[in-house]
Undergrad: 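Would you mind keeping the following structure in view while I ask a few things?
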Amino acid sequence: MRIALGSDHGGYRLKEAIKEHLTKKGHFVTDYGTDSIESVDYPDYAEKLCHGILNGEADRGILICGTGIGIAIAANKVKGIRCATVSDVFSAKKCVEHNNCQVMSLGERTIGFGLALELAEAFLTATFEGDRHQRRVDKIMEIENQK
C-alpha cells in the first residue's frame, strides 16, 4: 500500500516512528514533512498530504500534530478529503469501513507510540463497506459541494 505521512513539529517524532514501522512492513511511504521539531504550521502539511491523496500519489494518509485535531480540521477543508481524528482501534477501523476516510489524524501528545502503531494497522487494513454507507458518504459530499 502507498501511504502518505505528514506532521507538524508536535507530531514529528510519532511520524518518524510510524514511518519506520510501515517501511519495515513493506509499505511504500511518502513523507510530506515536516523534517524536525522546529515550529511549523500544521495546515501546510495537511494540505500537501491531502493533495497527494487526491492526485493519486498515495492510497491513504496519516497526519499527526500535538492533538490530531488541528491538522484534521485543516485536512477536512480540502475538497474531497474525509479525515478522522482517532484514539482507539474501533474508530480507526470504522472511519474507513463506514465513512470511507482516506486520512486519519493522530495526536502525539495524546496517545502512546504503541497505540499509534495499532491505530495505523487498523486504519490501513480496513475496507470501505459501501452499501448504505455509500449513500451517507454521498450525502456528505453533497454538503461539501454546496456553495
Side-chain angles (χ1 to χ4, degrees), residues 1-38 40-131 133-134 136-138 140-141 143-145:
M1 182 177 278
R2 297 171 306 145
I3 303 160
L5 296 179
S7 74
D8 70 355
H9 57 284
Y12 171 73
R13 289 181 179 98
L14 182 56
K15 175 181 64 83
E16 292 299 304
I18 292 171
K19 180 169 55 176
E20 180 180 345
H21 174 76
L22 295 176
T23 301
K24 284 181 181 176
K25 292 195 69 110
H27 295 288
F28 178 79
V29 177
T30 301
D31 187 341
Y32 287 87
T34 189
D35 298 322
S36 74
I37 59 169
E38 295 299 315
V40 295
D41 298 328
Y42 57 79
D44 299 333
Y45 299 93
E47 184 178 22
K48 286 179 192 177
L49 181 143
C50 290
H51 285 294
I53 296 283
L54 294 173
N55 292 331
E57 297 167 13
D59 304 306
R60 298 230 178 114
I62 300 173
L63 289 167
I64 307 135
C65 67
T67 63
I69 298 168
I71 207 161
I73 292 170
N76 281 312
K77 297 298 180 182
V78 177
K79 187 175 182 174
I81 290 294
R82 287 172 305 283
C83 176
T85 304
V86 301
S87 57
D88 63 272
V89 171
F90 181 81
S91 297
K93 288 180 183 179
K94 292 303 173 189
C95 76
V96 175
E97 292 174 352
H98 289 191
N99 307 113
N100 203 15
C101 285
Q102 315 99 310
V103 182
M104 171 181 75
S105 69
L106 305 172
E108 180 176 319
R109 297 174 186 151
T110 62
I111 61 172
F113 281 38
L115 176 57
L117 299 180
E118 289 179 45
L119 297 175
E121 289 296 324
F123 174 70
L124 296 172
T125 58
T127 303
F128 181 53
E129 294 177 357
D131 194 35
H133 304 294
Q134 183 61 59
R136 295 166 185 158
V137 170
D138 290 344
I140 292 169
M141 301 308 292
I143 294 169
E144 181 179 74
N145 289 322

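One-based numbering along the sequence shown.
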Undergrad: If you look at every heavy atom in Ile69 and Cys65, which pair is closest and at what distance?
TA: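 Ile69 and Cys65 have their closest heavy atoms at N-SG, 3.9 Å.
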Undergrad: Side-chain contact test, heavy atoms from C-beta onward, threshold under 4.5 Å: evaluate it for Leu54 versus Ile81 and give yes or no.
TA: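 Yes - at least one pair of side-chain heavy atoms lies under 4.5 Å apart.
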Undergrad: Between Asn100 and Arg82, which heavy-atom pair has the shortest distance, and what is it?
TA: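 That would be O-NH2, 2.9 Å.
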Undergrad: More than 12 foreign heavy atoms under 6.0 Å from CZ of Arg13: is that the case here?
TA: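 No, the 6.0 Å shell around CZ holds no more than 12 heavy atoms from other groups.
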Undergrad: So how far is it from Thr85 OG1 to Asn76 CG, rounded to the nearest 0.5 Å?
TA: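 Answer for the OG1-CG pair, Thr85 versus Asn76, is 8.0 Å.
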Undergrad: Could you tell me the separation between the CZ atom of Phe28 and the OG1 atom of Thr23, rounded to the nearest 0.5 Å?
TA: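 One gets 9.5 Å once the value is rounded to the nearest 0.5 Å.
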Undergrad: Supply the atom-to-atom distance Ser7 OG to Glu16 CD, rounded to the nearest 0.5 angstrom.
TA: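 Answer rounded to 0.5 Å: 7.5 Å.
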Undergrad: Side-chain contact, heavy-atom cut-off 4.5 Å: Glu144 with Met141?
TA: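 A side-chain contact exists here, since the closest heavy-atom pair is under 4.5 Å.
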Undergrad: Just so I know, are the side chains of Glu38 and Tyr12 near enough to count as touching, which here means a heavy-atom distance under 4.5 Å?
TA: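 No. Closest side-chain heavy atoms not under 4.5 Å.
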Undergrad: Counting only heavy atoms not in Ile140 (residues, nucleotides, ligands), do more than 12 fall under 6.0 Å from its CD1?
TA: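 Above 12, so yes.
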Undergrad: Sequence neighbours left out, what passes side chain to side chain donor-acceptor pair (under 3.5 Å) with Tyr32? Give chain and number order.
TA: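 Counting only residues at least two positions away or on another chain, Tyr32 forms a side chain to side chain donor-acceptor pair (under 3.5 Å) with Glu57.
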Undergrad: Check whether any side-chain heavy atom of Glu129 lies under 4.5 Å from a side-chain heavy atom of Lys94, and answer yes or no.
TA: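 Heavy-atom side-chain distance check passes, below 4.5 Å.
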Undergrad: Please answer whether the main-chain N or O of Gly56 pairs with a side-chain N or O of Arg2 as donor and acceptor at a distance below 3.5 Å.
TA: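 Side chain of Arg2 to backbone of Gly56, a donor-acceptor pair under 3.5 Å: yes, one is there.
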Undergrad: Within the distance-only criterion (no hydrogens, no angle test), does the side chain of Asp41 pair as donor or acceptor with the backbone N or O of Asp44 below 3.5 angstrom?
TA: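 No.
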Undergrad: Please name the pair of heavy atoms, one in Phe128 and one in Glu97, separated by the smallest distance, quoted to 0.1 Å.
TA: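 Looks like CD1-O, 3.3 Å.
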Undergrad: Do side-chain atoms of His98 reach the backbone of His133 as a donor and acceptor pair under 3.5 angstrom?
TA: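 No, His98 side chain to His133 backbone: no donor-acceptor pair under 3.5 Å.
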Undergrad: If we only count heavy atoms from C-beta on, is the Ile64 to Ile18 side-chain gap below 4.5 Å?
TA: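 A side-chain contact under 4.5 Å exists here.
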Undergrad: Can you measure from CD (Glu20) to CG (Leu117) and round to the nearest 0.5 angstrom?
TA: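 Rounded to the nearest 0.5 Å, the CD-CG separation comes out at 9.5 Å.
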Undergrad: Is any side-chain heavy atom of Leu119 closer than 4.5 Å to one of Val89?
TA: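 Yes, side chains in contact.
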Undergrad: Any donor-acceptor pair under 3.5 Å linking the side chain of Asn99 with the backbone of Cys101?
TA: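 No; judged by distance alone, with no hydrogens or angles, the pair does not exist.
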Undergrad: Judged by atom type as modelled, is there a donor-acceptor pair below 3.5 Å linking the side chain of Gln102 to the main-chain atoms of Gly61?
TA: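 No: the side chain of Gln102 does not pair with the backbone of Gly61.
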Undergrad: How long is the span from the CG atom in Leu63 to the CG atom in Leu5, to the nearest 0.5 Å?
TA: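 It is 8.5 Å, given to the nearest 0.5 Å.
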Undergrad: Indicate yes or no for a side-chain donor-acceptor contact from Lys15 to the backbone of Asp31 under 3.5 Å, with no hydrogens or angles considered.
TA: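 Between the backbone of Asp31 and the side chain of Lys15 there is no qualifying donor-acceptor contact (under 3.5 Å).
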Undergrad: So does Val86 get a backbone contact from the side chain of Ser91, meaning a donor-acceptor N/O pair under 3.5 Å?
TA: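 No.
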Undergrad: To the nearest 0.5 angstrom, please state how far the CG atom of Leu106 sits from the CG atom of Leu14.
TA: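 These two atoms lie 6.0 Å from each other.
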Undergrad: Examine distances only and state if a side-chain atom of Glu47 and a backbone atom of Ala74 form a donor-acceptor pair shorter than 3.5 Å.
TA: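 Absent.
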